[in-house]
Amino acid sequence: TSDPTVASSPATAVKPGEAPVLVLDGEFMSAGMLPYKNPANGKLGKPSFAVWLNTGTTQAPYYGSDLQRAVRHAGVLPGDRVRLVKYPKHKVNLGHRVVEMNIWECSILDRA
């Protein structure tokens with residue numbers, strides 16, 4: 001039997017009223033695979049999906065495998081003003097395996 005605490009997909013993993021761990025507003029610049037840069041020590045790791053965001057004070061990549069789904073679902077284009085919301089890790093079904101991942105939401109605040 002399946003574990004009832006595991007969401008069938010990242011889109012359904014976040015529970016109503018759950019608090020995010022990060023909220024970012026800014027201009028969507030680009031997205032794609034980049035080597036992950038560890039913020040603690042600056043070392044580069046394996047490639048991960050990242051979104052380049054201009055928040056007005058910084059232009060930086062934000063990493064997360066679920067970001068790709070969130071950005072695609074929102075239909076974001078370069079120059080759009082967006083809000084990225086990151087939630088804590090949840091167990092989700094990906095294909096035939098269960099993984100823990102941070103869940104992201106993306107919404108367009110203003111079209112370019």
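Basis for what follows: all heavy atoms, side chains included, without hydrogens, waters or symmetry-related copies.
Connection of M101 to Y87 is established within a shared hydrophobic cluster, with ILVMFWY side chains joined at heavy-atom distances below 4.5 Å, either directly or through further cluster members. Follow the hydrophobic side-chain contacts under 4.5 Å out from V51 and you reach L24 in the same cluster. In this structure, L34 is not a member of the same hydrophobic cluster as F49, with clusters built from ILVMFWY side-chain heavy atoms closer than 4.5 Å. Criterion: ILVMFWY side-chain heavy atoms under 4.5 Å apart, direct or through other members. Under it, M33 and L67 are part of a common hydrophobic cluster. Side-chain heavy atoms closer than 4.5 Å link hydrophobic residues (I, L, V, M, F, W, Y) into clusters, and following such links, even through other members, never connects V85 to L22.
Two residues are said to be in side-chain contact when any heavy atoms from C-beta on lie closer than 4.5 Å; V92 and V99 meet this criterion. Side chains of R81 and D25 form a contact here, defined as non-hydrogen atoms less than 4.5 Å apart. The side-chain heavy atoms of C106 and V76, taken from C-beta on, include a pair separated by under 4.5 Å.
Remark: N102 CG to S65 OG distance equals 8.0 Å, nearest 0.5 Å. Interatomic distance, CH2 of W52 versus CD of Q59, reported as 7.5 Å (0.5 Å rounding). I103 contributes atom CD1, which lies 11.0 Å from atom NZ of K86 (distance to the nearest 0.5 angstrom).
The minimum heavy-atom distance between V21 and P88, with the atom names listed, is CG1-CG, 3.8 Å. The two residues Y63 and W104 make their nearest non-hydrogen contact at O-CZ2, 3.6 Å. Residue M29 comes nearest to N54 through the heavy atom pair SD-CB, 3.5 Å, listed as atom of the first residue, atom of the second, then distance.
Checked by atom type and distance alone, the side chain of D80 pairs as donor or acceptor with a backbone atom of A112 at under 3.5 Å.
In summary, the side chains of E18 and H90 do present a donor paired with an acceptor at a separation below 3.5 Å, with no hydrogens or angles considered.
For R97, the CZ atom is loosely surrounded, since the number of other residues' heavy atoms within 6.0 Å does not exceed 12.
When each of L77, I108, V71 is tested with F28 by the rule side-chain contact (heavy atoms from CB on, under 4.5 Å), just one qualifies, namely V71.
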Discussion item. Does V82 form a side-chain contact (heavy atoms from CB on, under 4.5 Å) with L53? I'd like the steps, not just the answer.
Written reply: CA-CA 9 Å; V82 299; L53 197 66; 3.6 Å; yes

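Note on residues 47-74: pairs passing salt bridge (Lys or Arg N to Asp or Glu O under 4.0 Å), not counting sequence neighbours, are D66-R69.
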